[in-house]
Amino acid sequence: MQQRRELDQVYTNRKLLNGQLDTPKWWLPTVSILGVVVLIGVIVIATMINKGLGLTGLARPVYWGLFITTFVFWVGISHAGIMISAILRLTQAEWRRPVTRAAELLTVFSLLTALVFPLIHAGRPWRIAYWIMPYDVARGIYPNIRSPLIMDPVAISTYLTGSTLFLYIALIPDLGNLRDRTTGWKNAMYTVLALGWRGNPRQWKMQTVGGILLSALMLPIFVSVHSIVSWDFAIASAVEGWHSTIFAPYFVIGAVHSGVSAVVTMMALMRWLWKWDDFIRPEHFDALARLLIVVATGWLAFTFLELTFALYGQDAPEIALREMQMFQWPWNALFIVFFLTGYAIPVPMWCFKRVRTNIALMFWTSILVNVGMWLERFLIIVPGLARRTPFVYTWEAYTPSPVEWTIFIWSFAWVTFLMLLFSKFFPLVPLFEQKESQVFTDDVMIGRAKVPAIVREAD
Amino acid sequence: MTTAEFGTHNWGMVVDVDKCIGCNACVIACQAENNIPINTQDRVERARSISWIRVERYWEGDFPDAKARFIPIMCQHCANAPCEPVCPVYATYHNAEGLNVQVYNRCVGTRYCANGCPYIVRFFNYWEPVWPESLRNHLNPDVTVRSRGIMEKCSFCVHRIRRESRSARSAGTEIADGAIQTACSSACPTSALNFGNFNDPNSKVSKMKEDKRHFTLLDQFGTDPNVIYLAKIDADKKVGAGEAATHG
Amino acid sequence: MASQAVAHDSEHHAPPPNVDADVVSRELVATTQSASGRFKAWVWGLGILSVAGIVALVLKFIDQGDDSTRWGYVAAMVSFLLSVAGGAPMVAMAPVMAKANWVRPITRIASLFSFAGVATLIMLIPLVAILPPLVTEGARRRTVWYMAPDYSPHFWTTLSLVLLIGTGIMLFYSAALPDFASMRDHSTGWRQRLGKRLARGWVGTDVQWRTLRMRIGMFGTFYFLILVFVNFLISTDFGQSMVPGWRDAIFPMYHTVSGFQAGVAAVVIALYFSRKYMKLEKYIHLDAFWSLGRLLFALTLLWIYFFYSSFIVFWYGRSMNDIATLDLLIKGPMIYAFFAGMILLWFVPWWILIWNKVRRGTAAMVVGSFIILIGLLIDRIRTFVPAWSVPGDQIHEKWLKVIPETVWPDIFDILIMAGGISLVAFIVMMMTRVIPVLSVWQVQEFNLLAKPIRYMKGHATLVAKPD
Ligand code: SF4
Ligand code: SF4
């Protein structure tokens, strides 16, 4: 156990508000470059809507490609926030504290990004109203609620609303703090946003109860979102690679795997960019990596089950599909990369404490995981469709087009852009959580050893 | 007995594979009838061609006893269609006459239905359709020209069904068996394709589907199609009912 | 969570008293010796039932050994007993790895269930003999043993079950060393001699403690892996692969999770009775029930989630496989069992366990646990009995064409089921005579690490977290 530094509150405030109260030098150039990329992406999207989906590489029978893969990927990333904030809050894991805000932020922004993909991926995005709203009620035509594609927007928008609230509730005390340290229009903005926060016991109690209630409420939504996304695929009995009962938990645990890894990536960046070495400490990486080992191994078990039961039927099309997925160029290369980056490289590395507490290594391994997890979705979606079916003369007809790649890159730039923009106005590490954890930790003497301890509710 | 009332029919097709000679006349007929854009070389190469009906060549038996066969495949108008429940906007649904219909106006182009269909008979319009100037006046006025971004597939020539039942209704008569012919079935030189009403036990198709050669395609998906196939008769060996269905 | 600690003022949850280590050992060791008359009567009753069950098993084998469709109830029983006796020791392991303090008083009771694994093994023996071979009449049925030899499921399942029980006992033993030493030091008669022999010279040096922890970690991990594996084998080879067309990738997981659920429920019940009848209120805090209640609640939710995940895919898929599976397992011969399982395994426990009050109390928790166990037994019957009732000539079909009739239990089945359950209870009760039901050293350590403090206006516990 590292020695904890006693941090006083003034230091905490000054250090953690450095993004808002003064701007780091790298901020403006970075944001501008990202802004340009975002702009290019928006132009490409607009062109695609204007000209038609012919600009993508899609072709029969691969009707879903890079866009849906990236959609699933971002929905997966969005599982980071609730995993870290809600589950770890309910299980009282102390080390979650400095990470919660960033994780929730990731949830909100990645969901916002994910939502874009199914919309631009539709053939006629301007008719989306038919899909999401009961627009034609007057004529007795509702959206088809049997369709998982209807459950999708419902689940995702609920999740988005919930996590935005969650984020906001946790932000209020810090907003109060910022209000007291700013002047001018910023002060006005924070005053409105802080909702009259003064930090009296009643307000704290409400804030805590609100947080816990939302945690509990968000959990089922958290699970349902990715389950429903997985059912988009799993219910299609004609697509052998998709029609598997394990998809829902398999996707959820995969999402947690990639989401928590994304949080690790972000923590490393935050530590480097804002120099928060005192707050985001190696022991946090250590704890996250331990969690990741468990999650990743669970995920591997699900992968194994999925594969076993795909072949279990011993039907020719199934076997052919898996053969293509694993042994046929170019899928075999992707499959190897997927397996190496998704599990085989990072997880054994994390077994060593030296790696877990090494920020740079954690940064790179967590990026590897997300490469692998993106490929996992790609390998499920595209070969699943590209398989050769009986009585059809086209198969494997898909190569993503430059337009698709541009939009794919746009999504990353967009999320980062939003994050940085947010960091200009709101603290990325929750100040009050940080201070609370200082209050809650203590040392006890056991024999002659000084052991770190934590205050818990009495039973 | 067939009446002209809506909802009293169950339209279906019986395809006698034994009679199919693979001439592709049905494909051309459908193309012309239903305002399907021309499948240029580029589109075919990019696997974006549209043909509501296609004649597939498949192999029966193992090498060296393999035999090439033809089978025309169009939308099977499944009674238990996997493409239907997945559409978020009800653009594809089952009507009371056993047709799986595609409502072009509703379609937003999620292409989910196409993923659900085991027969891969649904097509997406990647571009706005264009015809050469010379063909502009050849479009069928009864059939919608589909804009880009929507799905389309065999409609069992629903406009012909409508036209016939409308005139039968106004004349107060019933639709005679065989009065409605789809473009493909009327073009078929060997009468491999037969269209009719399964609800009428005396119709030609109802009788044909009792043949012991009958089978449905890909029956493991439980789609319960309205297109019934009659197996190829082999000169040297007897092919039982449904046997051909297992060959891909 | 500052305000949470303050929000609950907890008069009736007074902090645990710091008890002197020596008193703890003395008191806990003494529990092994004081058997009441009622205890003896129960042990006798359960023993007789167990013997009757085993006799019924043998008779059934002689009578119906050639008809696999009659053996569904025994298969369900194997799966049920595996869940209870295999899942319970997991309760001892998982939270230890997560360094949860509340689990300390529970570890021993949970790991005692390893011995009850013998009951599973007894039930499995005739079943292995009856399980149809993978290849009959030249056709290989759907199975996870793609190319493996014919006897694979029979052999590997038996082997891994034996391994599971062995590892469970090793896990128990390696954690029990210090307690055998306490018995050696504080007991008399054969118990003292036993303690002396099994303690293997335990005096509590640093090295000994380190080895002990390492062993617990090792056996615990290993146990978990084998347990998942056995669940996988039993659920696929003895359930799923007997039904043509039943292809359910999540079923092994479902089986495992409901196994844990049963394990936790069994531990709660054992905990309740030992707390009540061995007067251990001082050591088994309500905290343990509370945490177990949360665990049970989480597992209940997980169960319904896994169930629903597979159900909806079948329901939507509507391929012939899917329809046949639903017809057989849900709509078909076992529809009442399905509803009963739903209610008992999910609905009722859900509504019971969602309340904090309930989870902090003991009586409602034990009722909930009993309900879950009954529900699980019914659910196992729902899945395994129809699976075994598929006649041998249908096993190779692509999907099930004829849904078999409901198979009702005969007199043998009822005796076997009663006997199997009794045997588990019997073994656990007997084991409490051999070793204290609470791990003495765990209790001592808990007392050392958790310090009651006053925090603002309420009570709180200061928990030390050594690395
Ligand atoms: S053949 Fe395909 S498109 Fe036609 S009804 Fe069946 S599933 Fe739908
Ligand atoms: S029935 Fe009509 S729409 Fe369908 S394939 Fe034949 S010609 Fe084309």
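Hydrogens, waters and symmetry mates are skipped; everything else that's a heavy atom, side chains included, is used. Below, read A as the first sequence line, B as the second, and so on, with proteins coming before strands; counting in each chain starts at 1.
Highest contact tally toward chain A, considering only B:Cys87, B:Cys107, B:Pro82, is held by B:Cys87 [criterion: heavy-atom pairs under 4.5 Å]. Taking chain A as the reference chain and counting heavy-atom pairs below 4.5 Å, the highest number among B:Glu56, B:Glu128, B:Arg122, B:Met151 is found for B:Glu56. In terms of heavy-atom pairs under 4.5 angstrom with chain A, the leader among B:Pro118, B:Ala47, B:Gly222, B:Ala114 is B:Ala47. When A:Ala236, A:Pro153, A:Pro148 are compared by the number of non-hydrogen pairs under 4.5 Å with chain B, A:Pro148 comes out ahead. Chosen from B:Asn115, B:Val86, B:Ile73, B:Thr110, the residue pairing most often with chain A at heavy-atom distances under 4.5 Å is B:Asn115. The candidate with the highest count of non-hydrogen atom pairs below 4.5 Å against chain B, out of A:Ala238, A:Gly54, A:Gly52, A:Gly384, is A:Gly54. Interface check for chain B: of the options A:Leu53, A:Leu58, A:Ile235, the most heavy-atom pairs under 4.5 Å are formed by A:Leu58.
If you measure heavy-atom distances from A:Phe233 to chain B, the contacts under 4.5 Å come from the backbone alone. If you measure heavy-atom distances from A:Leu385 to chain B, the contacts under 4.5 Å come from the side chain alone. When heavy atoms are compared at a cutoff of 4.5 Å, A:Trp395 does not approach chain B at all. Heavy atoms closer than 4.5 Å to chain B are found in both the backbone and the side chain of A:Asp232. Residue contact with chain B, scored on non-hydrogen atoms closer than 4.5 Å, involves the backbone and the side chain of A:Thr56 alike. Of the two parts of A:Ile68, neither the backbone nor the side chain holds a non-hydrogen atom closer than 4.5 Å to a non-hydrogen atom of chain B. Contact of B:Ser147 with chain A is made through the side chain alone, with heavy-atom distances under 4.5 Å. With a threshold of 4.5 angstrom between heavy atoms, B:Cys117 approaches chain A through N, CA, C or O but not through any side-chain atom.
Applying the ring pair (Phe, Tyr, Trp, His ring centres under 6.0 Å) definition to pairs two or more places apart or across chains, those involving residues 86-118 of chain B are A:Trp64-B:Tyr112.
Using a 4.0 Å cut-off between charged nitrogen and carboxylate oxygen, A:Arg322 and A:Glu306 count as a salt-bridge pair.
For the pair B:Asn100 and B:His77, the tightest heavy-atom approach, listed with the atom from each and the gap, is N-ND1, 3.0 Å. Minimum heavy-atom separation, B:Arg54 to B:Ile120: NH1-O, 2.9 Å. When all heavy atoms are compared, the tightest approach of A:Pro249 to A:Ile246 is CD-O, 3.2 Å. In terms of heavy-atom proximity, B:Val227 sits nearest to B:Cys75 at CG2-O, 3.7 Å. For the pair B:Ala187 and B:Ala25, the tightest heavy-atom approach, listed with the atom from each and the gap, is O-CB, 3.9 Å.
Ring-plane geometry between A:Phe335 and A:Phe338 is classed as perpendicular, the angle between the planes exceeding 60 degrees on a 0 to 90 degree scale with a lower cut at 30. Using bins of under 30°, 30° to 60° and over 60° for the plane-to-plane angle, the ring pair A:Tyr63/B:Phe124 lands in the perpendicular bin.
Residues of residues 118-125 of chain A that come closer than 4.5 Å to chain B, counting heavy atoms only, are A:His121, A:Ala122, A:Gly123, A:Arg124, ordered by residue number.
For A:Phe391 and B:Tyr119, the ring centers are positioned 6.0 Å apart or more.
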Output, in order, the C-alpha distance, side-chain angles, deciding distance and verdict of side chain to side chain donor-acceptor pair (under 3.5 Å) for A:Trp331 and A:Gln325. CA-CA 5 Å; A:Trp331 315 111; A:Gln325 214 177 35; over 6 Å; no

Verdict with supporting geometry, B:Phe195 and B:Trp11, ring-ring contact (aromatic ring centres under 6.0 Å, His included): CA-CA 7 Å; B:Phe195 185 78; B:Trp11 301 113; 5.6 Å; yes

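Within a 6.0 Å sphere centred on CD1 of A:Ile145, heavy atoms belonging to other residues, nucleotides or ligands number 12 at most.
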